[in-house]
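Read through the structure below, which is laid out as structure tokens, and then see the notes.
Only heavy atoms go into these numbers, but all of them, side chains included; no hydrogens, no water, no symmetry mates.
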Amino acid sequence: MIWIIIGAIFLLSIIVQAVLKSKIKKYSKIATGLTGAEAAMKMLQDNGIYDVTVNCTDGFLTDHYNPQTKQVNLSTDVYNGNNIASVAIAAHECGHAVQHARGYAFLKMRSAMVPIVNFANNTVQFVLLLGIILLESFPSVLWAGIALFALTTLFSFVTLPVEINASARAVRWLDGAGITTYETKPMAVNALKWAAYTYVIAAIGSLATLIYYITIASRR
């Protein structure tokens, strides 16, 4: 049964990614008055943030905010794009910068978890595999792997309010700054909504996998 659930989540993830790419492509054809880079810099300034830089990075949908370096990194298409998709994505990433500046609790929690989660990600598969191999003689190894995986699952769920809040800040600013109109605001909301779905699916998938490993360990 658990494999059916995991398979369904995997299929749903593929569908969500495909729809997201389709939405981005569609809304990239709707022109705005600013590029993604210009929108990002304006949103930062409007929020009184002057110590964050806006940079161009390679890749597709590789956009992210780095709180350690205080950099909003936008993919080339978003950085240069003069369209509703680009400004929505740029505003979302700046939403994280605003969270950082305002001390948003879930972002602080997420940032504090990064070192331990990086360690967990680098070791969890090895520990889980070893735990399954040694299940009969050393069941504690598998439980250690489950504990590591639980940390990554918790991280996925802590990420959800961070992403949803950043999108909410982005939509409010785009509307208040007059960058989106009555016609284009729903487009920005829709694009960011589908982007958020990818995090929701990832969190659910991680939880389902965690339950699977717990089931294996509990059967001993």
key: side-chain contact (heavy atoms from CB on, under 4.5 Å) between Val87 and Leu174, worked out   = CA-CA 8 Å; Val87 297; Leu174 288 168; 4.3 Å; yes
request  = State, to 0.1 Å, how close Leu74 and Ala40 come at their nearest heavy-atom pair, and which atoms those are.
outcome  = CD1-CB, 4.2 Å
message = Please say yes or no: joined through hydrophobic side-chain contacts below 4.5 Å, possibly via intermediate residues, are Tyr50 and Val52 part of one cluster?
response = no
query = Any side-chain heavy atom of Gln99 within less than 4.5 Å of one from Asn165?
reply = yes
query = salt bridge (Lys or Arg N to Asp or Glu O under 4.0 Å): which pairs involve residues 57-69, sequence neighbours left out?
reply = none
query = Between Gln125 and Tyr213, which heavy-atom pair has the shortest distance, and what is it?
reply = OE1-OH, 4.3 Å
ask   = Between Leu142 and Leu134, is any pair of side-chain heavy atoms under 4.5 Å apart?
value = no
request  = Any chance you could measure Ile201, atom CD1, to Leu12, atom CG, to the nearest 0.5 Å?
outcome  = 3.5 Å
Please report, to 0.1 Å, the donor-acceptor pairs under 3.5 Å made by any side chain of residues 109-121, with sequence neighbours excluded.
unit_1: Arg110; atom_1: NE; unit_2: Thr159; atom_2: OG1; d: 3.0
unit_1: Ser111; atom_1: OG; unit_2: Leu107; atom_2: O; d: 3.0
unit_1: Asn118; atom_1: ND2; unit_2: Val114; atom_2: O; d: 3.4
unit_1: Asn121; atom_1: ND2; unit_2: Val117; atom_2: O; d: 3.3

Could you pull out every donor-acceptor pair under 3.5 Å between side chains of residues 203-210 and any protein atom, sequence neighbours left out?
unit_1: Ser206; atom_1: OG; unit_2: Thr153; atom_2: OG1; d: 2.7
unit_1: Thr209; atom_1: OG1; unit_2: Gly205; atom_2: O; d: 2.9

inquiry  = Determine whether Ile30 and Asn83 satisfy the following criterion, side-chain contact (heavy atoms from CB on, under 4.5 Å), listing intermediate values before the conclusion.
reply    = CA-CA 5 Å; Ile30 310 300; Asn83 55 72; 5.5 Å; no
ask   = Can you list the residues that meet the side chain to side chain donor-acceptor pair (under 3.5 Å) rule with Thr184, with sequence neighbours excluded?
value = Thr181
note = On a heavy-atom basis, the closest approach of Phe149 and Leu128 is CD1-CD1, 4.1 Å
query = Restricting to pairs with a member in residues 59-78, which pass ring-ring contact (aromatic ring centres under 6.0 Å, His included), not counting sequence neighbours?
reply = Tyr65-His100
Stepwise side-chain contact (heavy atoms from CB on, under 4.5 Å) check, Phe126 with Thr123 = CA-CA 6 Å; Phe126 171 76; Thr123 59; 5.7 Å; no
query = For Thr215, does its backbone N or O pair with a side-chain atom of Ser218 as donor and acceptor, under 3.5 Å?
reply = no
ask   = Do any pairs count as a salt bridge (Lys or Arg N to Asp or Glu O under 4.0 Å) and have a residue in residues 27-55, sequence neighbours left out, and if so which ones?
value = Lys42-Asp46, Asp51-Lys70
query = For Thr32, what residues pass the side chain to side chain donor-acceptor pair (under 3.5 Å) criterion, not counting sequence neighbours?
reply = Asn82
Could you list the donor-acceptor pairs under 3.5 angstrom formed by side chains in residues 13-28, with sequence neighbours left out?
unit_1: Lys23; atom_1: NZ; unit_2: Asn190; atom_2: OD1; d: 3.1
unit_1: Tyr27; atom_1: OH; unit_2: Asn190; atom_2: OD1; d: 3.1
unit_1: Ser28; atom_1: OG; unit_2: Ile24; atom_2: O; d: 2.5

note = Rounded to the nearest 0.5 angstrom, the CG-CD1 distance for Leu34 and Ile84 is 10.0 Å
query = Can you list every salt bridge (Lys or Arg N to Asp or Glu O under 4.0 Å) pair that touches residues 166-195, not counting sequence neighbours?
reply = Asp175-Lys185
request  = Provide the closest heavy-atom pair for Tyr212 versus Ile6 in the form atom of the first, atom of the second, distance.
outcome  = CB-CD1, 4.3 Å
note = Rounding to 0.5 Å, atoms CD1 (Ile133) and CG (Leu129) come to a distance of 4.0 Å
task = Working to the nearest 0.5 Å, report the span between CE of Met41 and OG1 of Thr53.
result = 10.5 Å
message = Please say yes or no: joined through hydrophobic side-chain contacts below 4.5 Å, possibly via intermediate residues, are Val189 and Met187 part of one cluster?
response = no
inquiry  = With rounding to the nearest 0.5 angstrom, report the CZ to OG1 distance, Phe157 to Thr152.
reply    = 10.5 Å
query = With a cut-off of 6.0 Å (strictly less than), are more than 12 heavy atoms of other residues, nucleotides or ligands near CZ of Phe106?
reply = no
request  = Say whether Leu148 and Val158 are linked into one hydrophobic cluster, either directly or through other cluster members, by side-chain heavy-atom distances under 4.5 angstrom.
outcome  = yes
task = Hey, could you give me each pair passing ring-ring contact (aromatic ring centres under 6.0 Å, His included) that has a residue in residues 174-201? Not counting sequence neighbours.
result = Trp194-Tyr197
inquiry  = If you compare all heavy atoms of Leu192 against all heavy atoms of Ala170, which two are closest, and at what distance to 0.1 Å?
reply    = CD1-CB, 4.2 Å
note = Nearest heavy-atom contact between Ala39 and Trp173 is O-CH2, 3.4 Å
ask   = Rounded to the nearest 0.5 Å, how far apart are OG1 of Thr57 and CG of Asn66?
value = 11.0 Å
request  = Scan for ring-ring contact (aromatic ring centres under 6.0 Å, His included) pairs involving residues 75-99, sequence neighbours excluded, and state none if there are none.
outcome  = His92-His96
request  = Measure the shortest side-chain to side-chain distance between Val200 and Glu163 over non-hydrogen atoms and say whether it is less than 4.5 angstrom.
outcome  = no
ask   = Under the side-chain contact (heavy atoms from CB on, under 4.5 Å) test, which residues partner Pro186, sequence neighbours left out?
value = none
